[in-house]
**Student:** 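Take a look at this one; I'll ask things after.
Atom set for the values below is all heavy atoms of this structure, side chains included, hydrogens, waters and symmetry mates excluded. Heads up: numbering here begins at 1 and tracks the sequence.
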Amino acid sequence: MQTKSPLDTIGHGTHTSSTAAGHAVPNANLFGLTNGIAKGTAPGARIAMYKVCWEYPIPECITTDILAALDEAIADGVDVISISLGSPGETILSEPTSTAGFNAVRKGIVVVGSAGNDGTKYPVCNIAPWVLTVGASSMNRQFPGIVVLGNDQTFFGTSLYPGNTHDSLKPLVHGYSAGSPYCVIGKLISKIVAGKIVLCEAGGEVQDVEKGVVVDMAGGYGAIIRGISNVDEYLITTAHLVPATKVSHADGEQILQYMNTVPYPVGKILFYGTVVGSTSPSAPRVVRRRGSAVDPRRVKFNIISGTSMSCPHVSGIAALLKKARPSWSPEMIMSALMTTAYGTDSAGDDIKDMATGMAAGPFDLGAGHVDPNRALDPGLVYDAGMDDYLDFLCGLGYSQKQIDGIFTKDGSVTNCSTRERAGAANLNRPSFSVFAGAYGESVILRRTVRNVGSNVNAVYTFRLSSPPGTEVSVSPGKLVFDATHQTRTYRIRIQSTAPYGVFTRYTYGWIAWSDGVHRVRSPIAVSWPSQSAAVSTM
């Protein structure tokens, strides 16, 4: 039901705001699962919520409402803006969160935004460098819904179904044999699925929770949902209304093979509630997550995942840093969170992309998984100001009219002809991304770091891992600080050592500065063209 009020009708905004700064609440649970104390990241902070999304006549978040809310938040003097919305834009100009976020950062406000839920190989939202963009990851808490077949084979699935486990075996049938492989409403044949567990294919524009409902409406007992190949190996946990679970595509293939090789296939689903501390699979992992399903039930608490929910975690951490380090700029806070992030999982291996099982690179993982305690004392930070961003915008080729009319809007005139044209590449952020040149060609980038550690006379040396196909060198090799010199500049040269065609997409590496106490790490990403294209030496 639509309401022209601040009332949150679907729970998205309430969930994100309470994640950022909600007070401690005992006995929080969803149908008895995960019972315990729920608490926001920065429970001592105050929350201002701005409603910009509406359900009628169609669900949408109108650009003018987003801009108005951001302007209102700036006028209200907030310290952190948490944006759990967005859609990938072709340019920064096409993202209202990026254009309005520019003015927020000018006022000293930290802007945090969701990266989006389309997966690690697709464009992200909130792409401007003055926005701290947040992806999503898994954790070591599981809700097992185990599939057991008549031949005693077992397969891990996941489900928030709150009902009890029934040990009796039920007949199995594939949705394809019952009229609809995706279990679309009105298409399953009741006389075929009655009393059976239906194997439904994920997708088909039908959300997982709806598939279980469709099976139930057709008289079926429950559902096994098979993930999409090479996409849903990360299993989305759904609060099903009927006995249902989701398995990986590979496991679903084995279940289907069993069903096709015996005359009367049977199986059951065992539900184990909440399991914490599992070591398989390792955590965290980079995940893909689409929005939560429509569900007629109403609850006091909910379990929701995706970048909308990871964003306020980081927003709350940013608020804590703002309180602990009030003199730090938004860029310094972003830098601290990025350079202290970690890249290893609970098994001590590189954090993996859940969709592929392979090590996640910077375009999947970003700078890494946030570590709030280390961010409080990062050692070095990369700062930036408005002049740096204007160099960046000029470097991207935006006109004076675009920059002054959309970004600065303060009556000033930006003359790009007097600014550094390599400003886009040399923006002082703690990461490096370049396009590979022809064999032997190189790109030189510049960065400046500020010592914020307790030792004013700190000396930092570097270690690095060159992206495959490149040779990376750094000058100077040592950063020496003293009481009168708390900032130092270094240059990094990335030289191509492989001809075009050897690498077709991306290769990754990193550089880390250390004084023996702190480790200040930055990712390096090299994009390789599919056809010959030269990169000018800078």
Side-chain angles (χ1 to χ4, degrees), residues 1-22 40 47-76 78 80-105 107 109-119 122-136 205 207 209-210 236 287-295 298 302 304-316 318 406-407 409:
M1 179 179 179
Q2 179 66 16
T3 175
K4 293 182 179 180
S5 78
L7 183 66
D8 181 4
T9 54
I10 63 172
H12 183 273
T14 304
H15 200 281
T16 55
S17 60
S18 60
T19 299
I47 302 172
M49 295 173 61
Y50 304 86
K51 184 173 180 177
V52 300
C53 299
W54 306 88
E55 294 183 277
Y56 181 84
I58 59 172
E60 63 179 336
C61 308
I62 301 173
T63 297
T64 52
D65 288 344
I66 296 172
L67 293 173
L70 288 167
D71 286 344
E72 191 71 19
I74 295 170
D76 288 343
V78 301
V80 179
I81 294 178
S82 186
I83 307 173
S84 287
L85 54 81
S87 58
E90 294 183 2
T91 67
I92 291 174
L93 288 179
S94 61
E95 284 197 329
T97 52
S98 291
T99 55
F102 183 89
N103 285 311
V105 173
K107 301 290 187 180
I109 301 170
V110 181
V111 181
V112 186
S114 298
N117 299 321
D118 286 337
Y122 295 88
V124 300
C125 310
N126 302 309
I127 59 175
W130 45 84
V131 177
L132 180 55
T133 311
V134 184
E205 298 185 357
Q207 297 185 10
V209 71
E210 295 178 71
I236 299 172
V287 303
R288 167 187 180 270
R289 180 68 168 97
R290 293 193 180 275
S292 56
V294 176
D295 190 332
R298 294 294 177 263
N302 201 1
I304 314 176
S305 61
T307 61
S308 279
M309 306 309 153
S310 59
C311 172
H313 281 86
V314 176
S315 300
I406 298 175
F407 291 100
K409 297 188 293 187

**Student:** Would you name the heavy atoms of G101 and V111 that are closest together and state the gap between them?
**Tutor:** O-CG2, 3.9 Å

**Student:** Return the minimal non-hydrogen interatomic distance between C53 and L85, and the atom names on each side.
**Tutor:** SG-CD2, 4.0 Å

**Student:** Considering non-hydrogen atoms only, spot the tightest contact between S315 and V112 and give its length.
**Tutor:** OG-CB, 3.4 Å

**Student:** Any chance the side chains of T16 and S84 put a donor and an acceptor closer than 3.5 Å?
**Tutor:** no

**Student:** What is the distance from atom CD of E210 to atom CD of E205, rounded to the nearest 0.5 Å?
**Tutor:** 11.0 Å

**Student:** For S17 and M49, work out which heavy atoms get closest and say how close.
**Tutor:** OG-SD, 3.5 Å

**Student:** When you compare the side chain of V134 with that of T307, does any pair of heavy atoms fall below 4.5 Å?
**Tutor:** no

**Student:** Between the side chain of T14 and the main-chain N/O of G11, is any donor-acceptor distance below 3.5 Å?
**Tutor:** no

**Student:** So, using side chain to side chain contact (heavy atoms under 4.5 Å, CB included) as the criterion, who are the partners of A128 when residues are at least two apart?
**Tutor:** I92, S98, W130, V131

**Student:** Quick one: side chains of residues 62-73, donor-acceptor pairs under 3.5 Å with protein atoms, not counting sequence neighbours, listed by atom name and distance.
**Tutor:**
| unit_1 | atom_1 | unit_2 | atom_2 | d |
| --- | --- | --- | --- | --- |
| D65 | OD2 | W54 | NE1 | 3.4 |

**Student:** Strictly distance-based, threshold 3.5 Å: is any side-chain N or O of N126 a donor or acceptor partner for the main-chain N or O of T133?
**Tutor:** no

**Student:** Is it the case that the side chain of S310 and the backbone of G135 share a donor-acceptor pair, with hydrogens and angles ignored and the cut-off at 3.5 Å?
**Tutor:** yes

**Student:** What pairs with T19 under side chain to side chain contact (heavy atoms under 4.5 Å, CB included), at least two apart in sequence or on another chain?
**Tutor:** H15, P312, H313

**Student:** Identify the heavy atoms of I74 and I81 that sit nearest to each other, and give their distance.
**Tutor:** CG1-CD1, 4.4 Å

